[in-house]
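In listed order, ligands and their atoms are each counted from 1.
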Amino acid sequence: MEHKDISEADPEVYKALKNEVERQESESLEMIASENFVPKQILQAQGSVLTNKYAEGLPGKRYYAGCEHHDKIENLARERACEIFNADHANVQPHSGSQANFAAYFSQLDAGDKILGPVLSHGGHLTHGHGVNFSGDLFDFETYGINQETERFEKEDVMKAAKEHNPDLIVCGYSAYPREIDFEMFREVADEVDALLMCDIAHISGLVAAGEHPSPFPECDIVTTTTHKSIRGARGGMILCKREYADEVDSAVFPYSQGGPLMHQIAGKAVCFKEAMKPEFKDYAAQIKKNTKALAEGLREKGLQMVSGGTDNHLVLVDLTDEETTGKEAEEALEEAGIVVNKNAVPYDPEPPMVTSGIRIGTPALTTRGMEEEELKEIGKMIGEVVKNPESEDIRSEVEDRVSELLAEFPLYEDSDVEF
Ligand SMILES: *Cc1c(COP(=O)(O)O)cnc(C)c1O
């Protein structure tokens, strides 16, 4: 086998990789709420020889020989995950958050069983019952919605939906909800209708790990997450659960829904969990929340409204129903100014999903770059200016100049020897 530098072996891929480094480093402010930047130690784990091995099964119970070191790594990931999240059991093999949800549902339910989840345009994920996804296709999904007065999930609404539909399982945890999740409330509802309670903490797992959001345990039975959003680790998924569900969860991952685990990704998860246990990570998570509040202040100063009036976590959902600008127009204007966000439906949105009346803005990635309240407040004001004047090229180019300065002031990989 001939080893070559990738620049020589595959110049086309190499060039695109180089360009992507450049894009992340110095082309735009990354404010997609689900994105983050991982440190070098995680890139190293992911780019390792662990990719060469089949390790079907679990540590100590593999279907292939030669898994000694893989066992060590997977056990470290599992033990750290249990410690961080106060869980009895962890399965770190799901390839993604969606795979984790697939396995979590099937660990307890059969196709056709009833699940109660959030209305999708009220913050849910595709895997919470959307018709184009396996979840909506294979399960009988019913929904609870955001309260129109408070713009939060309220007990009366969830209870009403639960009593009406009598689900086997209730899902909480969202992709676009700016407030804390009240796990005790969901437990009360689940007990009332004798349902299992699952929480999908894909977005907030970094905050939960740092104690900056209440823990879903002991209230929830099963908890799923991604490992690449606010927790800032290798791209992938994970399931945490109480002891009594451990065997069913494990077999729902393998052999039911996956084959060999991606051991290089699991090593990246292990390193991520070690990072998440450090005091520096607690500071990081606390800073995310401070930064999001500062962002909200900046937006508010420019007269923009937010769903539920503000934020408790890492994101805000700007409500543009009273503005001239749609979510789609705002996303496009901001992208031109160098600020990357995504259009997002707001609850009871009058616009169709490809247009929407909202934008979702998150701070985990910029907080990783080292920005603090002062910068986020300023960015909030810049976003307000652009959104209120989407046609103004002058405003866009002024913002673009300031964005370039901020990117240079808060370098990402520039000072490290990370190449990709
Ligand atoms: C991102 C997300 C997922 C899916 O994660 P993937 O790794 O993209 O499959 C699942 N649930 C929620 C709430 C999410 O935000």
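The shortest side-chain heavy-atom distance between Thr51 and Ser48 does not fall under the 4.5 Å cut-off. Contact annotation: the side chain of Gln148 never approaches that of Pro347 to less than 4.5 Å [non-hydrogen atoms, C-beta and beyond].
When only interatomic distances are considered, the shortest N/O to N/O separation between Tyr174 and ligand 1 does not fall below 3.5 Å.
Scanning the protein heavy atoms around atom 3 (C) of ligand 1, the nearest turns out to be His125 NE2, 3.3 Å. Looking only at heavy atoms of the protein, atom 9 (O) of ligand 1 is closest to Ser98 OG, 2.7 Å. What sits closest to atom 12 (C) of ligand 1 on the protein, heavy atoms only, is Asp200 OD2, 3.3 Å. Looking from atom 6 (P) of ligand 1 to the surrounding protein, the closest heavy atom is Gly97 N, 3.5 Å.
At a heavy-atom distance under 4.0 Å, only side-chain atoms of Lys229, from C-beta outward, approach ligand 1. Contacts between His228 and ligand 1 below 4.0 angstrom, taking non-hydrogen atoms only, involve the side chain exclusively. Using a 4.0 Å cut-off between heavy atoms, Ala202 contacts ligand 1 through its side chain alone, with no backbone atom that close.
Close contacts of ligand 1 with His203, meaning ligand atoms under 4.0 Å from a residue heavy atom, involve 15 (O). Taking every heavy atom of Ser96 and a limit of under 4.0 angstrom, the matching atoms of ligand 1 come to 7 (O), 9 (O). Using a 4.0 Å cut-off to heavy atoms of Thr226, the atoms of ligand 1 that qualify are 5 (O), 7 (O).
Side chain of Tyr63 to backbone of Gly260: no donor-acceptor contact under 3.5 angstrom is found.
A side-chain donor-acceptor contact under 3.5 Å links Ser26 and Glu22.
Legend: residues meeting ring pair (Phe, Tyr, Trp, His ring centres under 6.0 Å) with Phe139, ordered by chain and number and at least two apart, are Tyr105, Phe106.
Here the CG-CD1 distance, from Leu109 to Ile115, works out to 5.0 Å after rounding to the nearest 0.5 Å.
Between Lys302 and Glu385, at least one side-chain nitrogen of the basic residue sits less than 4.0 Å from a carboxylate oxygen of the acidic one, meeting the salt-bridge criterion.
Under a cutoff of 6.0 Å and an axis angle of 45°, Arg232 and Tyr284 form a cation-pi pair.
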